[in-house]
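Note on naming: letters A, B, ... go to the chains in the order of the sequence lines (proteins, then strands), and numbering restarts at 1 for each one. Because only heavy atoms are used, hydrogens play no part in the values below, and waters and symmetry mates are left out as well, while side chains stay in.
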Amino acid sequence: MRRYAVPATLVAVPLLLAVLGPLLASHDTTKDVAFLLGGGHWFGTDFVGRDVWNEVLLGGRSLVLTAVTATACSYALAVPLGLVAGMTGSRALDEAIMRPLDLLLAVPSMLMLLLLASIAPGVPWVLIGVVTLINLPDVVRISRAAALSLSSRPAVEAMRLQGESRIRIGVHYAARAMRRTLAADLGTRFTGAIYLVASASFLGVGVSPQTSDWAAMVDRNRVGLFIQPWAVVLPALLVVALSIGVNLAFDRWLRDHDPRSTFLEAR
Amino acid sequence: AGPGTTSAGGPPRPGGRLRAAFSGGGAAEVLDPHKTDLYVEIARAKALFDKLADFGSDMSPVPRLAERWEPSADLTTWRITLRQAAFHDGRPVRAADVLASFARITEPGSSRRAKSTLSVIDLPNSREIDERTVEFRLQRPYGEFPNALATLGAYIIPEGTANFDRPIGTGPFRFVAFEPGRTFLAARNPGHWDGAPLLDELEIVVTNDEAARVNALLGGQVEYAHDLTPTSARTHESSGQVQVHRLPLSNFHGLAMKVDRPPFDRPELRQALFHLVDREELVRSVLQGSGQVCNDIYGKGYRYYADALPQRRQDLDRARALVRQAGAEGMTIGFDTSDASTGLKEAALAISDQAKEIGLHLEVRLGNKDTYWSDIASNGVLAGYRSGGMPLESHFSQRLLTTSTTNNTRWQRPEFDARYHEAQSTTDEQRRAELYREMQETLFHEGGFLWWGVSDWIVASAPGVHGIDDRAPANTLDWARFDGVWLA
Amino acid sequence: MTIPRYLARRALLGAVQVLLVVAGVFALAEALPGDAAVTIAGDNPDPAVIAALRERLGLDQPAWQRLGEWLLAALRGDFGQSLVGPRAVVDIIAAAAGPTLLLAALTLALLVPLSIGLGVLSARREGGLLDRLVTGTTLGLYSAPEFAMGVLVVTVFAVQLRWFPPTAVGTSLLSDPAVLVLPVFVLLLRPICSLSRLIRAGMIDAQRSAYVHHVRRLGLSPARVRFAHALPNAAAPAVQQLARTTDWLVGGVIVVEAIFVVPGLGTTLTEAVAARDLPVIQGLAVVFATATVLVNLTADIAARVLAPAAEAGR
Amino acid sequence: MTVVSVRNLTVTAADRAIVSGASFDLAEGGITALVGESGSGKTTTALSLLGEKPPGAEVSGSIEVAGETVDPAHPPAAGTIGYIPQHPSAALNPVRRIGPVLREIARLHVRAGSRRERRELVRQRVLEALRQAQVPEELLHRYPHQLSGGQQQRVVLAHQLIGRPRVLVADEPTTGQDAVIRGQLVEEFRSVAARGIAVLLLTHDLDLVRALADHVLVMNRGEVVETGPCEEVLGAPRHPCTRRLIDAQPDPAATGRAAPEPGDPVVSVRGLVAGHRRVDTVHDVTVEVHRGETLAVVGRSGSGKSTLARCLAGLHPHRSGEIRLGDTPLPPLLRKRTPEQTARIQYVFQDARASFNEFAPVLDQVARTAERLRGAGRTEARRRAAGELARLGVTEASASRRPAELSGGELQRAALVRAALARPEVLICDEITSGLDTTTQADLLDVLEELQDDTGCALVVITHDLAVVAGRSDRVVIVDGGRIVERGRTAEVLAEPGHPVTKDLVTAAVRFTAGTRARPD
Ligand SMILES: Nc1ncnc2c1ncn2[C@@H]1O[C@H](COP(=O)(O)OP(=O)(O)OP(=O)(O)O)[C@@H](O)[C@H]1O
Ligand SMILES: Nc1ncnc2c1ncn2[C@@H]1O[C@H](COP(=O)(O)OP(=O)(O)OP(=O)(O)O)[C@@H](O)[C@H]1O
Ligand SMILES: [Mg+2]
Ligand SMILES: [Mg+2]
């Protein structure tokens, strides 16, 4: 397990803070001067004079939860779609999946966010839906591209001759053959989702302005970056740690569970 | 020429180009001075044009193109004598130009900024006495008519102008080039009636991002940056790289409660909020100390302001009792806010936190920032509010009369209206002041507005820029005024 | 299917897509609260003024009628006038497209070699120090938000060191290329990570494949093995991500445009949405949708080229 | 002169010696054949010359190549040893056309001269290699997937022939080749050796060994059990293993099975046309397969045999014509066929390794057929699969590993079992004996016959090995250029070939065996 020490620490610190933070945080709402460095606060105050450390304790749970759920949702939807589009022998089916998604891509995402912000403010599910929707076509395209070269492999043909279902071929073969690509994309997409959640909450979708949120903290406190760096740096560091940790853990895991070996395939 | 200087830079020196960064409105920006809405448009209009009057730093009208004004005894006819001034093309400013300008503004079907204010003039019956004298006939007695002449967008243009591609005005600078949403260039008007400006050229560039304005200033790309956040001011003030100018009494922050519907139709609840709000905390955190507390009524520091009223402070016990009296304990009230203006959202968050202590749940709702002002005009009961500087008279007439078009608190009181009209019909300044005091007292006790603070307007300039007035609130004569500025 | 026939069909489909997107965007913008009249009225929302404005702008007509009229005019190449300003939509978009395209082209020109380089480099030894270093750095930059990076970069390189101008205020991008350095730098930070990670993943898989092993045994130089043999097999997912990046560069770099005062398409869209300036939004939708359709088409052709066997199976 | 010297080579993986104590030398210009049962460690031995080893394996002993010591940490200089892998399809880059890759390799060996000269030299070199490897020039523009199995193999051979290695290791280089080409390749290998290149030939084809090798090494369970000059080892085998291999060689003069009367047609193909993109590769084929019979499909490499078979299996949609299964027409596309129909026609792929999912244990994959197509439970399916594999000499322990950890022949057998578990009515076997030593091959063919007897299943055997055709099939069709040019009872067709192509193939095969095989009396 020592090999996982670095990624595990990187993930654990923000994750624990996110999960346990709200239990430790004080719910005292008095405010101090905005962007105070020190002044009886460990990490100073934020843009409205709240204690930064307290905000950090409060601001992880919903963020991590929504980002994780949204990423998971987009993958749960997109990878099967991409696999089907990439591996089907039917061009019509491929187009039927891809062209409508292209439509989704062509609508400026800001407009989509804005609209949803005004239609259903304050509902976390809407936020998760939006983030999923924005990621969906991208992930579909990437997994389709990865699956495309697999579709014509004899291994797939053999499985089809065995009467295997598409799903099984997808899960047992294609998804495994693509896992490294998917993991790389998932890792960065998760980070992207964190900020998408933040910018969405900035527009008023999902997280209400009263809720503390790391990514939103980074955004809202940025004006004070040079007088009170902690208000930006601390939450940003947590997000960075989480994102690097998740990705390194993926890398490590893939390396440890690598069923491939060139030697034997190249015989 | 120009206002008093505040920084010592030796004797004023002519020459040079000043580049000023403002935030703007993109491709939709226009040079039509009657359509000015944005600060950048006002600054440009101010450089190219003049009004008959403008507001001084205490919001009292100061004559500009008008040399003087004389009302008739009943305050329904005003005779204005024009200064000897000329447009950039050499034509003199005539009474006909004034009448034509006002006619254009109030044209039926137009939506020009000064229209509602100037429609008090009965234009068909107003007339030119001679080349430099105009006689305005008003619809009703209006003791503070010069306020209307100074109102936003009441600029004088040459008669017959319809196209503003290359505008011609009387202002201190003459037009050179303009690209909407990007840049504007003007050159010194040597023949300006108020004395030629010192600068050779004035360039106004549009930079919507505040950080970018600061960076451009720090990086030497501009010499003047308009509208900074207190945070930026704090960041750069001490470094000596820039001069920070805090223009006081510029921007009023408040709440608007709708008095015509539950729950704020109960005056007790309004008073509960008056006693709930911790103004010091708000000024400290939301305004970051860059402002002053207000006393719930509008216009601190302006002419006729009722400064004799005792300063209110947070009194939670009192607030709690009032909530109880209003029968609103534990009530959840929607609280509209948005990003439409800086500090709006932050204040809402802070106030809703404060309200928790008296068992009121103010549920902050972040509205769409583009349509916020129109949304809160009709919907909701409690909304974050802000206002720039204007004379008390305008504040009353635009927001607090039964006939006001933007009466966001739904304050409709016949006796209040009557006092206002009386104040406008009297030539007695004392009496007017007394009436205004009474009106403000009513508002102080049961009004729908809660003005908790007024913030400074912050602009910054490069170290070598001199002649920037540090006292003029935003939108007054000496704000964004470049004819007295010089570079050393 | 042959490439020309494929292209013809996709072009047709693309036109339909653009049409649908425009209609969709119109519906979205209609669904937004408020309209141009309301935003013009601003913080002085006098109902009478708003009603007058609506009438003057034609906003009192039913939505489908306005869309129909707009579409008819657009087919004739007339994209109409802005509702809030005096300019033609085409002029507005043309003015904003220049800076955006310049930035996008420059960024892409640097992005592709850089992300390939980094991806290939870190895939050389999976899990090696270099790999972890590259991964850590690019991810760190990726997870630090671009506005923070923007502000930081400007402060360090423009304000403190004075190497580059902090913003593009008052200059044109072409006349003063130094202005482009920092925005392009900031634009690179995010996509470089997602792209190089995908390339890395593909390269690791490709490098273990029998055919790469085979050419290595044949004595091809390591560079050729990597770039001519492994990379084409590794690139397919990255190409798709690159397409998304291109999309984003064409329409979505609002933050960078704001920080560096580049009046590009993203800013124009934000402003148009804020002003509910429907003709401009519509015009931009046409531009963005066309760009997306073209980018997707290119990406799909690239996908075909990178998986030649897949086509045979169809 | 000795180029390669191997002493006491031992490769152990998972507590088991894959190779134990092998010692041998390869001489410049000599051709050494490494023969042995499938799974005896031939490929592993050969790869250790390249400094490659199975993951997690331990290598001991010493290997010297051209005077340099080779071990996994110090592979020989690139280009010193040419290697033709047992499964060539994986060695071809799917996204690169054939020509550019060949030119790229040629460029490594062309120095000097101006750019124009170099280009010309490269061109010549490529053409030369194509000629040597019997690859038609028009294939240069193709992608690997656009080639037949034999063509792919020859392209890989061409890769090696362009270079000038000191040692050429060829793992089953002729498995996918028809008799005519095989004869020509033998000449090429001789000329390669004549250029002073040491050749190590890994093969099951004892006729090929006789035709080419100077020296023979026989491996059994990882040990080199017999070595010596070719005539000695094959003429007078001492080790029982060697003897078994020689005895099990199919008799080319066999006259076909005592064929039962043809039953009803199970599958009838009428006017089948199929192709790739714009070109047709199968033209107007009409053929019937009868219950219980064995139909051999023979033809030159690239003649369209696999394409035809894939059409039957539903893997390659045909353009026109009809395939009937019993009385019902079969949809061209597999996904339009019912599971029932899928089960009734099964296909065993030409390249066994490529047809396995590299991520899952082989046994699991094989067992899935019984689960999906015959409704067996999980454990029952595994039991059946393990049983069938054991019958073919693949232990459950081997089968529980991933495909990459199995030898080529083991995978070939697993692929057969995978298809057979569907209990098909027609089983199409595409070159399934090519990777198997003679003993295993004989076993496998016996097992197939048993299957046929048990279930009345018809076999369609695609093969280049006329001996197998002769001994085991009832009828034969000869395919050329995508058309059936001759058909009839095996004995008759082989005895009196009517079509020139058949004649060529038969003469080439006969010449080959006659020239090499000392006929046992
Ligand atoms: N995708 C393709 N495009 C064009 N031609 C192809 C394609 N695939 C195969 N071919 C050609 O079709 C012909 C028949 O191929 P097929 O695989 O059926 O041959 P085969 O008889 O099985 O040969 P082998 O014995 O070498 O395996 C070959 O000449 C091959 O080059
Ligand atoms: N990683 C591994 N772990 C355990 N056993 C292995 C591993 N790799 C290969 N083997 C076994 O080693 C044996 C030798 O394999 P090798 O590929 O050398 O055989 P071969 O003689 O080339 O056989 P074939 O003629 O079938 O190709 C096989 O039985 C195989 O199952
Ligand atoms: Mg082998
Ligand atoms: Mg074949």
* Under a 4.5 Å heavy-atom cut-off, does chain B meet the side chain of C/Ala37, its backbone, both or neither? -> neither
* Considering only heavy atoms, which portion of C/Ala275 lies under 4.5 Å from any heavy atom of chain B: side chain, backbone, both, or neither? -> neither
* Sort out for me which of C/Val84, C/Val280, C/Val169, C/Asp277 touches chain B most, counting heavy-atom pairs under 4.5 Å. => C/Val169
* With rounding to the nearest 0.5 Å, note down the distance linking CD1 in C/Ile50 to OG1 in B/Thr405. => 10.0 Å
* How many angstroms lie between atom CG of B/Leu218 and atom OG1 of C/Thr167, to the nearest 0.5 angstrom? -> 10.5 Å
* To do: Using atom types as modelled and distance alone, determine if a side-chain donor or acceptor of B/Gln221 lies under 3.5 Å from a backbone N or O of C/Ala168.
  => no
* To do: Could you check if a side-chain atom of B/Asp209 sits within less than 4.5 angstrom of a side-chain atom of C/Glu257, using non-hydrogen atoms only?
  => no
* Is any side-chain heavy atom of B/Asn215 less than 4.5 Å from a side-chain heavy atom of C/Val159? -> yes
* **Flag if over 12 foreign heavy atoms under 6.0 Å of CD, C/Glu69** => yes
Interface moiety of [X] toward chain C, non-hydrogen atoms closer than 4.5 Å:
X        : result
B/Gln241 : side chain
B/Ala216 : both
B/Arg19  : neither
B/Arg386 : side chain
B/Val214 : neither
B/Thr406 : side chain

Do you know which two heavy atoms are closest between [X] and [Y], and how far apart they sit?
X        : Y        : result
B/Arg182 : C/Ala95  : NH2-O, 3.4 Å
B/Pro180 : C/Arg87  : CG-NE, 3.9 Å
C/Ala258 : B/Ala212 : O-CB, 3.6 Å

* Step by step, work out the side-chain contact (heavy atoms from CB on, under 4.5 Å) result for C/Val261 and B/Arg213. => CA-CA 9 Å; C/Val261 200; B/Arg213 287 196 294 277; over 6 Å; no
